[in-house]
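Worksheet for the structure shown next.
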2 protein chains.
Amino acid sequence: MAGRVSDEVVFGAVLAVIAEQGYERATTRAIADAAGINEATLFRRFTSKQNLLRQAVRSNFTGFALDLDAPGDDVEADLLTIVSYYARLYETRGGVVLTLMREAKFSPEVASVLAEPESLLERVDEVILHHQRRGALVVEPPRHTFFALVGPLMMRSFARRVDKRATQAPADPAAVVRRFLHGHRA
Amino acid sequence: MAGRVSDEVVFGAVLAVIAEQGYERATTRAIADAAGINEATLFRRFTSKQNLLRQAVRSNFTGFALDLDAPGDDVEADLLTIVSYYARLYETRGGVVLTLMREAKFSPEVASVLAEPESLLERVDEVILHHQRRGALVVEPPRHTFFALVGPLMMRSFARRVDKRATQAPADPAAVVRRFLHGHRA
DNA sequence: CGTGAATGCAAGTGTTCGCTTGCATTCACG
DNA sequence: CGTGAATGCAAGCGAACACTTGCATTCACG
């Protein structure tokens, strides 16, 4: 019964268990069970829990591709690309994102894992700066712009973990961008 | 040396340790040390860690008061009241909020504790609806409006846990409201 | 003072964690 | 069929956890 389970399947199990249980409760036993392999095999293949998490996050984030190589003349289109990406991320991995953000402050091992999503953010910064220079966006630290753009989306996604009854539908990226640019005044 | 420490002081220590360390790492030893009492005393007075957490969160949230009894003609002023409240909450208890959102999904205890913040949200809903009816705000589910308003603030506060180098300053509530109403177009 | 309740202190309980080890089984591949 | 590497399985290690216990000390209050 040595049916080999691919790394990808194991990584998927890691993220699923973390999303459901949190990092501390995502025990190696639970992960092994979810992946359908033996706990000892987990350590023989991935060395440690930290390394396993790092590889799982890396695999997930490289799987997500964000294409914003060539920012152009259309702010709305470029922001929509960014918002759509994060909308998908929070929809599929909201629990993981929430857990990692919470854990990052006191767990260096989690913080180091977040270096890769961070590098993605730097590319987002450049797109925002590009449009600021074009005079299409308010000039401010690009990270502030990013938080203002994506914050509503993130909060709505996180709120669904607490608030069962309201706002079950995910936000529409196009509407988010439009409101971001034009404001909420009627 | 049996100097008695009040419950309020212990609750403060609980929330401080949770905000700094996270729920799992907020060990009963760490809480006892932070409160300046013995670990055994903690259990003699509060029975269990879970019960201690429940009392601490309850005590903290009933302490926060938000005054928006009389929404008037000034959207900007009313939204500023709301944003200022949540800015203060995230600044002082951001770590706790993050932890509770994360924990809510698999801990009925935590979820039940969140009923009190929820009742506050219902009052916020009414203020938003009031200004929607006046024609001062885009008409949409009020919770969506709320997430769009406060999301940028929350995300910026949470991001500081991950992103050490950038945007250390807390957001200015007045600026948040202004951008929310008028948009980010330059 | 005197006394009872609350506390500090140190040691210990049982459980669970990340991680390891020894050995039998299985599979891919020549 | 033969062989070596990967796996399953069961047991266990040391550490950390929530929580307990016995006893000496302290304090509030009469």
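Atom set for the values below is all heavy atoms of this structure, side chains included, hydrogens, waters and symmetry mates excluded.
- For B/E76, the CD atom sits in a packed shell: over 12 heavy atoms of surrounding residues, nucleotides or ligands are nearer than 6.0 Å.
- With pairs defined as Watson-Crick or G-U wobble and both atom distances under 3.5 Å, the stems of at least three pairs that touch DNA chain D come out as C:1-30 with D:1-30.
- In summary, the aromatic rings of B/Y85 and B/Y90 are positioned with their centroids too far apart to meet the 6.0 Å limit.
- Following rounding to the nearest Å, B/D7 (CG) and C/dA6 (C1') show an atom-to-atom distance of 13 Å.
- In this structure, B/I37 places its CD1 atom 14 Å from C1' of C/dC9, rounding to the nearest Å.
- When all heavy atoms of A/A136 and A/V75 are compared, the closest pair comes out as CB-CG2, 3.4 Å.
- Taking the side chain as every heavy atom from C-beta outward, B/F11 and B/N60 never approach each other to under 4.5 Å.
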Scan nucleotides 14-23 of chain D nucleotide by nucleotide, 5' to 3', and note B when protein non-hydrogen atoms come under 4.0 Å of the base, S if they reach only the sugar-phosphate, - if neither. ---SBBBBB-
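- Salt bridge annotation for A/R143-A/E118: present, with a cationic side-chain nitrogen under 4.0 angstrom from a carboxylate oxygen.
- Listed by chain and residue number, nothing satisfies the side-chain hydrogen bond (donor to acceptor under 3.5 Å, both in side chains) test with B/R29 (two or more places apart in sequence, or in another chain).
- Closest of all the heavy-atom pairs between A/I18 and A/L53 is CD1-CD1, 3.4 Å.
- Atoms CG (A/L42) and P (C/dC19) sit 10 Å apart, rounded to a whole Å.
- With respect to A/E91 and A/R160, a salt bridge is recorded, a charged nitrogen being found less than 4.0 Å from a carboxylate O.
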